[in-house]
Chemist: 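Here you go, one structure.
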Amino acid sequence: MPESKKRKTTPYTPPTGKGSKTPVKIDGSRWVAPVMIALFVIGLLWIVVWYIAPDNALMGSLAGWNVAIGFVFIGAGFILSTRWR
């Protein structure tokens, strides 16, 4: 059976010049993962504590905003997760 011809490929070289963009370096520092997990846990605990004890001194006056505060912590954790490698 005859063999097919091999294609000649040239290696990829990124464009250089005025219009080329340099890739953005993502900071993969050590602090990102622990802070991200801490924000997730703080947000979750904030919501859980408010549901268990809604009349405590710190959270009683905030009423329904406690859910929003918890989600802000969780959202900050997700935003920080984009910086994690």
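What you see is a predicted model; the values in this text were computed from it and never measured.
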Chemist: Spell out, yes or no, whether V35 and I79 are grouped together once hydrophobic residues are joined by side-chain heavy atoms under 4.5 Å, including indirect joins.
Modeler: no
Chemist: Are F73 and V41 joined in one hydrophobic group, where the rule is that I, L, V, M, F, W and Y side chains link up if heavy atoms are under 4.5 Å apart?
Modeler: yes
Chemist: Mind checking whether L39 and L44 sit in one hydrophobic cluster, side chains of I, L, V, M, F, W, Y counted as touching below 4.5 Å?
Modeler: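 Different clusters.
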Chemist: Can I42 be reached from I52 by stepping across I, L, V, M, F, W or Y side chains whose heavy atoms are under 4.5 Å apart?
Modeler: no
Chemist: Using every non-hydrogen atom in the two residues, find where M36 and S81 come nearest and quote the distance to one decimal.
Modeler: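 Looking at all heavy atoms of both residues, the closest pair is SD-CB, 3.1 Å.
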Chemist: Test: ring-ring contact (aromatic ring centres under 6.0 Å, His included). Region: residues 35-72. Which pairs qualify, not counting sequence neighbours?
Modeler: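 Non-adjacent pairs meeting ring-ring contact (aromatic ring centres under 6.0 Å, His included): F40-F78.
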Chemist: What residues join Y12 in its hydrophobic cluster, counting side-chain heavy atom gaps under 4.5 Å, either direct or through other members?
Modeler: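 For Y12, no cluster forms, as it stays isolated from other hydrophobic side chains.
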Chemist: To the nearest 0.5 Å, how far apart are CG in L62 and CG in N56?
Modeler: 9.5 Å
Chemist: Would you kindly confirm whether L45 and L80 end up in one hydrophobic cluster when ILVMFWY residues are joined by side chain heavy atoms under 4.5 Å apart?
Modeler: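 Same cluster.
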Chemist: Please report the closest heavy-atom contact between R83 and V32, naming both atoms and the distance.
Modeler: C-CG1, 4.1 Å
Chemist: For I47 and V67, which heavy atoms make the closest approach, and how far apart are they?
Modeler: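 The pair with the smallest heavy-atom distance is CD1-O, 4.1 Å.
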